Amino acid sequence: MTLTQILLDRLEPENLKLQRFQEITARLFAWGIIVRDEDGVEQRYYDDACRIENLLTEYFALAGFRLIHDLQNEFFRLYAPGAQIPGLAEDDNDPAPSLRARLSADFVAAALALRFLYQQGLAEGGGRLSDDGEVLIRFEELATTQQIQIKRPLPDNLGDRDRLLKDLKRHRLIQYGALFSMHDEDALIAIRPTILGIIGEDVLAAALEAEGIIDVAGEPESGEHSL
C-alpha cells in the first residue's frame, strides 16, 4: 500500500480530501503557524487540522518536524528539525541549515521586547490582559522597552518601523486594527500568546542579563521559530 493510499484512508472518516490535507501542510510549511482567531480562512484551516491532528503529527514527524498544538490559545505551530521549543526537551535531530533564515536584529529585538511586555502584562493583569490571553500595549511602550531593556532602539525610519510591525504581525506575534497608527497615543497593539512559543524565559533572561539582544544564528523559516 502506498503512502498516498494510507493518507486517503485516514482522511476518509473525516470527510476530508487529499487536496485539503495538502493545503493545511503547505500552509504550515510556509508560515509555521495556524491561528484560529486570525481570520475566517485560518479558522477553517485550524478546525480541519484539529480533525486530523494525529495524522498531521505523524506526517511531519517522518521528516523530523514537530507539530505543537496549543489547545488553550487555539493554534498549531510547526518546528523544524533541531529547533529549540520553549518548555520542551530538545529533539535528537540536527538543525537543518536550508530551513533556517537569518532574522533581522530589529525583529529579534522587537520580539524580545514583546516577550518582556507580555510577561509583565500577565503579572499585572487587569485591563491590559484580554479575554483571549493577549496583552495590550501602546506603541510607545514597545519603543521604550526596546530602548531601556533590550538596549536596541526601534529603527529611526518610519517606513522601517512600519515594515517591522507588519513582519511581527505576519508571524502572528501581534495584531492591531486596520486604522492603527504609530502616532495615535490611544492605539493599541495586542501581544498574542504565540510569543511564548518562540521565546522562552531562559532566552529572555539571557538577553536582559547581557543588556542587549543575544546573537541569533538563524531560525527556521519553515516551522516557526524559537529565538
Side-chain angles (χ1 to χ4, degrees), residues 7 10-11 14 16 20-39 41-101 103 107-108 111-112 114-116 118-119 122 130 132-135 167-175 190-206 216-227:
L7 283 173
R10 296 279 296 274
L11 292 169
E14 301 299 336
L16 289 178
R20 187 58 172 172
F21 177 84
Q22 293 169 333
E23 291 172 351
I24 294 171
T25 54
R27 193 174 187 91
L28 284 166
F29 275 131
W31 295 96
I33 189 168
I34 292 177
V35 184
R36 192 177 194 277
D37 71 351
E38 180 66 20
D39 55 38
V41 173
E42 196 146 340
Q43 176 181 325
R44 290 188 288 275
Y45 275 121
Y46 175 86
D47 290 343
D48 286 343
C50 285
R51 294 161 60 188
I52 55 171
E53 179 178 349
N54 290 338
L55 176 59
L56 289 169
T57 300
E58 293 174 24
Y59 172 81
F60 287 119
L62 288 173
F65 288 75
R66 284 193 284 180
L67 182 65
I68 304 300
H69 185 192
D70 188 319
L71 285 166
Q72 179 180 351
N73 297 304
E74 297 186 316
F75 67 85
F76 285 95
R77 189 182 291 279
L78 182 65
Y79 292 88
Q84 295 181 347
I85 306 177
L88 294 180
E90 294 184 13
D91 62 29
D92 297 327
N93 297 306
D94 294 327
S98 62
L99 296 175
R100 303 173 74 87
L103 298 170
F107 183 96
V108 175
L112 286 166
L114 290 170
R115 179 64 173 83
F116 178 88
Y118 188 83
Q119 187 165 308
L122 288 181
S130 75
D132 296 324
E134 299 171 337
V135 170
D167 203 20
L168 292 166
K169 185 176 182 180
R170 182 175 69 86
H171 283 83
R172 309 293 194 261
L173 300 185
I174 62 172
Q175 60 180 351
I191 309 174
R192 310 178 81 163
T194 52
I195 191 74
L196 299 176
I198 69 166
I199 303 178
E201 289 187 17
D202 55 339
V203 174
L204 177 61
V216 177
E219 298 303 327
E221 183 68 21
S222 172
E224 182 76 17
H225 327 311
S226 171
L227 301 181

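Residue indices begin at 1 and follow the sequence shown. This structure is a prediction, so every number in the text was calculated from the model and none was measured.
Checked against side-chain hydrogen bond (donor to acceptor under 3.5 Å, both in side chains), Glu42 has the following partners two or more places apart in sequence or in another chain: Arg27, Arg172. Checked against salt bridge (charged side-chain N to carboxylate O under 4.0 Å, His left out), Arg20 has the following partners two or more places apart in sequence or in another chain: Glu23, Asp48. The side-chain hydrogen bond (donor to acceptor under 3.5 Å, both in side chains) search around Glu53 returns His69, not counting sequence neighbours.
Note that OH of Tyr59 and CD1 of Ile24 are 11.5 Å apart. Values are rounded to the nearest 0.5 Å. Atom OG1 in Thr57 sits 11.0 Å away from atom CG in Leu62 (nearest 0.5 Å). Rounded to the nearest 0.5 angstrom, Glu38 CD and Lys169 NZ are separated by 7.0 Å. Between His171 atom NE2 and Phe107 atom CZ the span is 4.5 Å, to the nearest 0.5 Å. Within the model, atoms CD1 of Ile68 and CD1 of Ile33 stand 12.0 Å from one another, a figure rounded to the nearest 0.5 Å. Note: Leu28 CG to Ile34 CD1 = 4.0 Å, rounded to the nearest 0.5 Å.
Of the possible donor and acceptor atoms, none in the side chain of Asp132 sits under 3.5 Å from a partner among the backbone N and O of Glu134. A side-chain donor-acceptor contact under 3.5 Å links Arg77 to the backbone of Thr194.
Close placement of the Phe60 and Phe29 rings is indicated, their centers lying within 6.0 Å of each other. Ring to ring, Tyr45 and Phe76 are not that close: their centroids are 6.0 angstrom or more apart.
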Verdict with reasoning, Leu55 to Leu11, per side chain to side chain contact (heavy atoms under 4.5 Å, CB included)
CA-CA 9 Å; Leu55 176 59; Leu11 292 169; 3.8 Å; yes
Could you walk me through whether Leu173 and Tyr118 pass side chain to side chain contact (heavy atoms under 4.5 Å, CB included), step by step?
CA-CA 11 Å; Leu173 300 185; Tyr118 188 83; over 6 Å; no
Working note: Gln43 + Val35, criterion side chain to side chain contact (heavy atoms under 4.5 Å, CB included); need CA distance, chi angles, decisive distance, verdict.
CA-CA 7 Å; Gln43 176 181 325; Val35 184; over 6 Å; no
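Nearest heavy-atom pair across Asn54 and Arg10 is C-NH2, 4.2 Å. Summarising the geometry of Ile174 relative to Leu114, their closest heavy-atom pair is CG2-CD1, 3.6 Å, with the distance given to 0.1 Å. Counting all heavy atoms, side chain and backbone alike, Pro81 lies closest to Ala63 at CG-O, 3.6 Å. Considering all non-hydrogen atoms of both residues, Leu168 and Ala111 come closest at CD2-N, 4.5 Å. Between Leu7 and Phe21 the shortest heavy-atom distance is CD2-CZ, 3.8 Å.
Looking at Leu196 and Arg115, their side chains come closer than 4.5 Å, going by heavy atoms from C-beta outward.
Asp47 has no carboxylate O lying under 4.0 Å from a charged side-chain N of Arg44, or vice versa, which leaves the two without a salt bridge.
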